[in-house]
**Student:** 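Quick one: the structure is below, and I'll ask about it shortly.
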Amino acid sequence: DLINKHYNTFLKGGGGPFPRAVNINAIMDSSVYLTPSYFLQNGFPNWNPGSIMKKLNFNYNKYKYQENYPDLNWDHILKRGSNHDKWGFVTHSTDPISLMFYQYMSGNGDDDGDGGRLLASTVLKEGRSAAPEESIQSDAVTIVQDEGRRMDNDLQSQWWSEITNSIDYVKKKHKNVDAYIINSEGHCSFGLYYPLQEEGFEEWASPIMKEGVVIGNRRPSVASFFTSLAFGAILIFLTRRLKCQGGKKDSLMENGDAGSSYNIDETSATLAKRVNCGPIIEKVQAAANPMLTKCQSWPWTAGYLLTTTVYFISMLITQGFAHPLDNPGFGPSAVGLSTFGINNPALIVYRMEHFRLITSSFLCSGVTTFFFVIFTAYKTGLEAAMTDNGHHHWHFPLIAGLLSFGINLCYACIGKGASCSSLALALGLNAFSATIQRRSSRLYPSPLCFTVTVFILGCTPVFPFDSVVALTAAVVIGILMGLTLFTEDPERSDEPGDDVYRNGFNANEEPTKNPANHMRWKLVQGLGALYCLQYILVLLRVPSPEKHNMYPYLTGCGLVYSDRIGDFVNAYANNANNDGRSLGEDDDGGEDYFDGQNMCAQMCLPHLVYRPALWGAQKFASLPLAEGTCEENGYEEHIADKTFHEFTLTFEVQLYTASNDNN
C-alpha cells in the first residue's frame, strides 16, 4: 500500500480511479499468518502496528482484537489498490513451524508470563541439551519438526481450516487474488526456493508477476501522453470550429442585400444549429476565445505545441532532472526519456515497442531543446504562411506527418542508442519552408541560418538525445518535399484560407492572384510505400541494433573497458590494511592468493565526456581505456560490481573474467 501510494499519485500518472504508473504485484509466502486472540492482546501491541496502520488509513483501534484481523487488513489494502494488481499466496498444506507458532500465539505453549514468546528459547534449550553447540541449528529444526508431528490432528485441522477460510474469504471478495498450495510438509521461510521446486508453480506465478499491458497500467507516460493528445485535439477542434463559424457568417453577410435580411437570419440560424455542439463546448470556446482567435491561422501548430508542452511538463514532474553531464539539455535521465517513449531501435526491433515511432515526435530531451522546438514552430509560422498562400488546411498536418514517420523510421532502421524527434521535426519543417520559398512565387518563412545553427548544435554531445541520424533525415526529407511535393498552376487561382471560402459562399467575389497549389499524390504514395517497406523491415528484424541498448540506462552513455587492471585488482583484493578483504595470507602466491590476472573492468561514461575521457586516459593515464565491452573481448563471466562517486557523478564499474579461468 505504501509503495502504491509512493508511485501511483495523480501527478505521477495515476492513483485511485486514475490510470496507474506502476504495477504493484505481490506473492506472499509468510505461513505465520493467523492471529489468535491471545497474541492480539498480549503480543501484537509490542510491535506498535498502529503507527503504520495509520498511514494506511486502517482503523487499527477498531479491529486490533479481532481474530480475522489479517482478512480485514488485506481486504482494506486491496480495496485501496487497483483491481489490475495481482496477488498470490503460497503455503504448505502441513507446516510444523507455523503450527508451533500457532500453538504459542494461542497461549497453549510453555508460558513464563511473557505472552507465550518461549518458542525460540525452548527450541534452543532442548537443542543444547541434545547436541553439541555446533549442531544446535540443525537439531533445533529437527526438534521443531518433531514437536509439530506430536501435535494432534485437531490442532492441524483447526490451523488448516482457519488458513483456508481466510484465503477463501479474500479470494471471494477480490478476483485478483489467488493461492498456491504445496501438498507436502514444509515451511517457505520468506523465499520462493521451495515453491520453485514444485512443478507448475512458475506457470502459476508468471501471470502474477507479469507487468500489465492495459492502457494506464504499463508506465507513467501513458496517461500523460493521452491527456496531452486530448488537450491538443481539443484546441485544434475549437480553433477550426471558430474559424468555420466566422468564415461562413462573413460569407453570408457579403452575399446578402438589404432586402433579404430575413433570409440571412434564417440561414444563419440553420448554420448555427449545424455548428452547435452543445452548451459546454460553447462555454469553453467563449472562455478560450482570445487564445483561439490568435491560433486561427495555425491551429495544427498550436495543438502540437500544447501537446508537447503538457507532455514535457508531465515528464519533468515524474522523472525530474538528471545530472548535467548525463543530460546537458537539462532534462531527465536516459531511463526517464525511455519511460516516456524516446525512439530506441533496440526496443522497437527486439521488444516490438512500436509506439515509440509516434511518441518520440512529441518528446523533448530537455529544457533547451523544448525552447528550441517552441521557438522554431511558433516563430517560423509555416502553417500560417501556407494558409495565407492558399493551401488547404490539411496540407500542413500531412507534411508534418510524412516528416515525422520518415524521421522515426529512418532512425529505427539505422540509428544507434536513443533519440527524440521533436527537434528533428521542427528542423525538417524549417528545411521544407526554406526550400519551397526558393522555388515558389510566394512568400514563405526562410529561417535558413537558424536551421543550420541548431542542426550543427544538435549534432554535438550537447544534445546527446537528439541524434545526427534523425536530424539529417529530417533536413533531407524536408528539402525533398519542398522541391517536389507541390506544384503551382498560374492559370488557376485559389482563395486564401481553407475550404470555407470555396464552397459557394463567395462565388461572386473576384478571385485572388494566388496560383492554385496542387499536391503530387504519386509522390505521397511513393513515400507511403517507402515507409511501409521500412516498417516491414523493422517487423522482420532486418535492422540489428546493439542489444545492450535494450537497457535504457546504457543509451545515455558510452561503454568503455580495460583489461590491464591486474595491479589495481591485486592492490585491492590482497591488502587487508586498506579496508579490503584479504584473500591470501602472503604475497608469494599462496593457496588463497588472488593474482588479479585475466580480469577486465568496464563502465559507462556520459556522452558529453566520452570522447575526452578516452583520449585523456590513453594519453595521460596508466589505465588505458578502449571502446566496447569486456564480453565482446572474451571476458564472459560477470563476477563483481563496484560503485564510485566522483565529481558529483556515480560510476558503476563491472568486473569480468574469462569463463575458462578457474582462479
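What you are looking at is a predicted structure, and each value in this text was computed from that prediction instead of being measured.
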**Student:** Under a 3.5 Å threshold, yes or no: a donor from one side chain and an acceptor from the other, between Thr369 and Asp466?
**Tutor:** no
**Student:** Under a 4.5 Å cut-off applied to non-hydrogen side-chain atoms, are Val524 and Leu485 in contact?
**Tutor:** yes
**Student:** Looking at Asn633 and Thr629, would you say the former's side chain and the latter's main chain have a donor-acceptor pair under 3.5 Å?
**Tutor:** yes
**Student:** State which residue, out of Phe486, Trp300, Phe396, fulfils the ring-ring contact (aromatic ring centres under 6.0 Å, His included) condition with His391.
**Tutor:** Phe486
**Student:** Starting from the C-alpha separation in whole Å, work towards a yes-or-no answer on side-chain hydrogen bond (donor to acceptor under 3.5 Å, both in side chains) for Ser361 and Ser404.
**Tutor:** CA-CA 6 Å; Ser361 295; Ser404 175; 2.5 Å; yes
**Student:** Which one of Thr359, Asn343, Asn408 satisfies the side chain to side chain donor-acceptor pair (under 3.5 Å) criterion with Ser421?
**Tutor:** Asn408
**Student:** Contact between Leu539 and Met352 at the side-chain level, heavy atoms closer than 4.5 Å - yes or no?
**Tutor:** yes
**Student:** Assess the pair Phe312 and Phe362: is the distance between their ring centroids shorter than 6.0 Å?
**Tutor:** no
**Student:** Is Ser228 reaching over with its side chain to a backbone N or O of Ser224, donor-acceptor style, under 3.5 angstrom?
**Tutor:** yes
**Student:** Quick one: does any side-chain atom of Asn176 pair with a main-chain N or O of Asp85 as donor and acceptor, under 3.5 Å?
**Tutor:** yes
**Student:** Do Phe330 and Phe321 have ring centres separated by under 6.0 Å?
**Tutor:** no
**Student:** Given 3.5 Å as the limit, does a donor-acceptor pair link the side chain of Tyr311 with the main chain of Cys364, or not?
**Tutor:** no
**Student:** Do Ile236 and Tyr304 have side chains that approach each other closer than 4.5 Å (heavy atoms only, starting at C-beta)?
**Tutor:** no
**Student:** Have Thr301 and Glu383 got a donor and an acceptor in their side chains that come within less than 3.5 Å?
**Tutor:** yes
**Student:** Are the side chains of Met481 and Leu523 in touch, meaning some heavy atoms are under 4.5 Å apart?
**Tutor:** no
**Student:** Measure the CD-OH distance between Glu631 and Tyr561 for me, rounded to the nearest 0.5 Å.
**Tutor:** 13.0 Å
**Student:** Indicate yes or no for a side-chain donor-acceptor contact from Thr460 to the backbone of Leu457 under 3.5 Å, with no hydrogens or angles considered.
**Tutor:** yes
**Student:** Check whether any side-chain heavy atom of Phe372 lies under 4.5 Å from a side-chain heavy atom of Leu423, and answer yes or no.
**Tutor:** yes
